[in-house]
Amino acid sequence: MPRPPRPARPVSLRPLTPPDWLVRSLKPQSAPIPWAAVARASVAMALPLAIGILAGRPAYGALASMGALSGVIGDTADAYRMRILNIAVPQLFGALGVTVGSLVFGHGWLAVGVVTFVALVSGMMSTIGAVASVSGLLLLLNCVVGAGLPMPGQWWLAPLLMTGGGLLVLTLALLAWPLRGGVPERAAVAASYRSVAALLDAAGTDAYDDARTAVTASLNQSYDLVLARRARDHGRNPELVRLVAQLNALTPIVEAAPAADQAVRHAGACLPPEVPAAVRALAATVERGAAAHPPGEGPAEQTADRLSEPPDHAARALDHAVRHAAETLNDPDPLGAIETDDRLGRPAALRVRARRAARNVILSGASWRYGLRLALCIGIAQSLVSLIDVPRSYWVALTITFVLKPDFGSVFSRAVLRALGTAAGLVVAAAVLAEVPHGWWDVPVMMLLAPLIPALTTRGYGYQTAAITPVILLLSDILNHQGLGLVLPRLVDSLMGCAIALVAGYLLWPESWGTRIGDRLADAVADTASYVECAFGTARDPAARARMRRGLYRDLSVIRSEFQRALTEPPPTGTRAAAWWPLVVAVERILDTTTAARVRIRHGAEAPDPEEVAEVSRELTELAQGLRASDTLEEVRTSFTVGPKDSVLEPLRQEVAAARAIASAP
């Protein structure tokens, strides 16, 4: 007798959800909208169009607006002097790029070779630094546009118009300089003081680690702004000297914070609110400007005097650090203060750093590898569009250039975001091209679209792409009058560029699949071992220790950024990167604990035996060697045999043991 058929099992349909790495990539970043840059973008992008229409040359106005677009993208600096570098220098390279590209326009394979060579140079330049990266970007972008789009007028007219548009952005960015000179630098230093106050508020709580990270980022920004300006002012500018002294005065407070955090955790109490309040009073003094007061009569120093007498080593160190900062802020002679406490010193002159950067980029294997990756992709794109009839083919190479930027994040996620952002931008562009007639209507439309670029750039790459796409298409349509015919080819070109970047710039280079977190973390652990020897030795001066500690925190900040980039990679890269995160935090805690032990010794605690220091340093060195030997976390044994339990290094030994236990995780 045949068996009855089994009842069918109900099929459970799993909801279709995007992968985690894509969700992280699409999540908008939380950042304030730069309203001043938004206003500048609206004026700088629309004004050239209005002038071109008024003069009967709308194509000339469109070219000037393209140059202004480059300036808007580079208009990211707070300090006025940095705006000159961020906007003006890239404009010069952009003018060179469009000149070279227009000279080889229509020359077939010669144009392919020239653009490919420019891509090599651009890629190598991009590894130098932020300004060089933007300069290399504009060099290649404008060369691609010049080689793929016929320019109106003589060969010199297009670079002149595009440079003029960029300089218009620079002019608008510098209008308030006579009235607000030095304000961005003072605001950055004051923000660093407030971040340190928030760090002290978080002492003994779970928010301490995040607050310490915020302090590192704020100090990095402040030192970059102030020291970059100081490198160009060769005289002893009192304002700049005072800003450096004020930043240096934060170092003892930052060094005392880990000791205070440990003391609060051990005692189970809170740090007196007068301490962070005193640091906030110092921040207000910095932001108001450097007004000198007689000793003991300044508002910041009066606030510090209200602090109660501290009962232990950590509290005494913090009290002395706050009082020292108050004395520095109220010192009427900043030149004297800086002579005795110039912890970071003065950076080399620009010409020296330029020669050093050029030498490094020529001899660097990483710069050659990236330059060759970019040149290969651009060469493939230019060859492909030379063999296949692709209208307005320059868009393919433009897509590759944006996707393969080395300092903009993951190539894979950027390719995906570029495709999604372009699709979203094309929806807006289609509506504009279909409904807005050419002429004076282009001006108000540009005034509405251009501000979206700086407003959405802070949200993420995909959002920036969605904002830039309709602007570029509107300007392109003014030059060639294709209307809605631009929309679909641009989507196809973008997908072609993303595909070339993924295959020739990502899959063919195994080093791009993984993450360098392990290597960089191993270097940081080895440097931490050196810092331990420096912190408890007698050969190094306090300034050397401060420079080493600041350098370590900056390196760990870079590792955090690399970690965030790696999380946007698809599995298994993103999954492997996430495994390194607890060890990153552990290394930061080792650095904090080392600094706290040094502060306690300086304020009365017994110094450790040299053998204790050597053992801790040896354990860290072995941990670094173990990290370099494997791409995954593997067992690294811990065996401390030297030093009593009540030694000042006992908390440090515990943190090192914890880090090595994390490294033993499967």
Side-chain angles (χ1 to χ4, degrees), residues 59-60 62-67 69-70 89-126 132-166 368 370-405 472 475-480 482 486 489-490 492-494 496-497 500-501 504-505:
Y60 292 177
L63 282 176
S65 291
M66 283 186 177
L69 173 62
S70 303
V89 175
Q91 289 300 318
L92 298 178
F93 283 92
L96 176 62
V98 74
T99 302
V100 172
S102 60
L103 289 177
V104 298
F105 172 76
H107 286 73
W109 291 104
L110 174 63
V112 173
V114 170
V115 174
T116 302
F117 176 75
V118 171
L120 174 64
V121 175
S122 170
M124 296 181 69
M125 284 178 55
S126 297
S133 177
V134 178
S135 299
L137 173 68
L138 290 188
L139 173 67
L140 180 55
L141 286 179
N142 289 0
C143 181
V144 169
V145 171
L149 190 65
M151 295 293 160
Q154 299 295 322
W155 65 270
W156 49 266
L157 184 59
L160 182 64
L161 290 172
M162 297 180 75
T163 303
W368 278 99
Y370 174 69
L372 290 173
R373 282 174 63 187
L374 183 57
L376 174 63
C377 293
I378 294 295
I380 292 175
Q382 293 295 97
S383 300
L384 181 64
V385 298
S386 296
L387 297 173
I388 302 174
D389 185 18
V390 179
R392 307 301 176 191
S393 56
Y394 61 89
W395 198 275
V396 180
L398 290 184
T399 299
I400 292 173
T401 304
F402 278 113
V403 169
L404 278 183
K405 282 293 293 177
I472 294 182
L475 296 176
S476 299
D477 191 43
I478 295 175
L479 292 173
N480 52 51
Q482 283 188 320
L486 281 170
R490 291 299 75 81
V492 174
D493 293 345
S494 294
M496 289 174 58
I500 293 173

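Model, not experiment: these values are computed from the prediction.
A donor-acceptor pair under 3.5 Å links the side-chain atoms of S383 to the main chain of G379, judged by distance alone. Between the Y60 side chain and the P152 main chain, no donor and acceptor come within less than 3.5 Å of each other. Not a single donor-acceptor pair under 3.5 Å links the side chain of N142 to the backbone N or O of G97.
In this structure, the separation between CE on M162 and CG on L69 is 8.5 Å, given to the nearest 0.5 Å. Separating the OG1 atom in T401 from the CG atom in L374 is a distance of 6.0 Å, to the nearest 0.5 Å. Of the inter-residue distances, the one linking I500 atom CD1 with T399 atom OG1 reads 9.5 Å to the nearest 0.5 angstrom. A distance of 8.0 Å separates CG in L63 from CG in L149, rounded to the nearest 0.5 Å.
Residues M151 and G146 come closest through the heavy atom pair CE-CA, 3.9 Å. Heavy atoms only, all atoms of each residue included: V115 and A147 are closest at CG2-CB, 3.8 Å. The two residues A95 and P159 make their nearest non-hydrogen contact at O-CB, 3.7 Å.
Under the side chain to side chain contact (heavy atoms under 4.5 Å, CB included) test applied with L141, the options V144, L137, L139 reduce to a single match, L137. Checking each of L475, I478, I472 against M66 for a side chain to side chain contact (heavy atoms under 4.5 Å, CB included) leaves exactly one that passes, namely L475.
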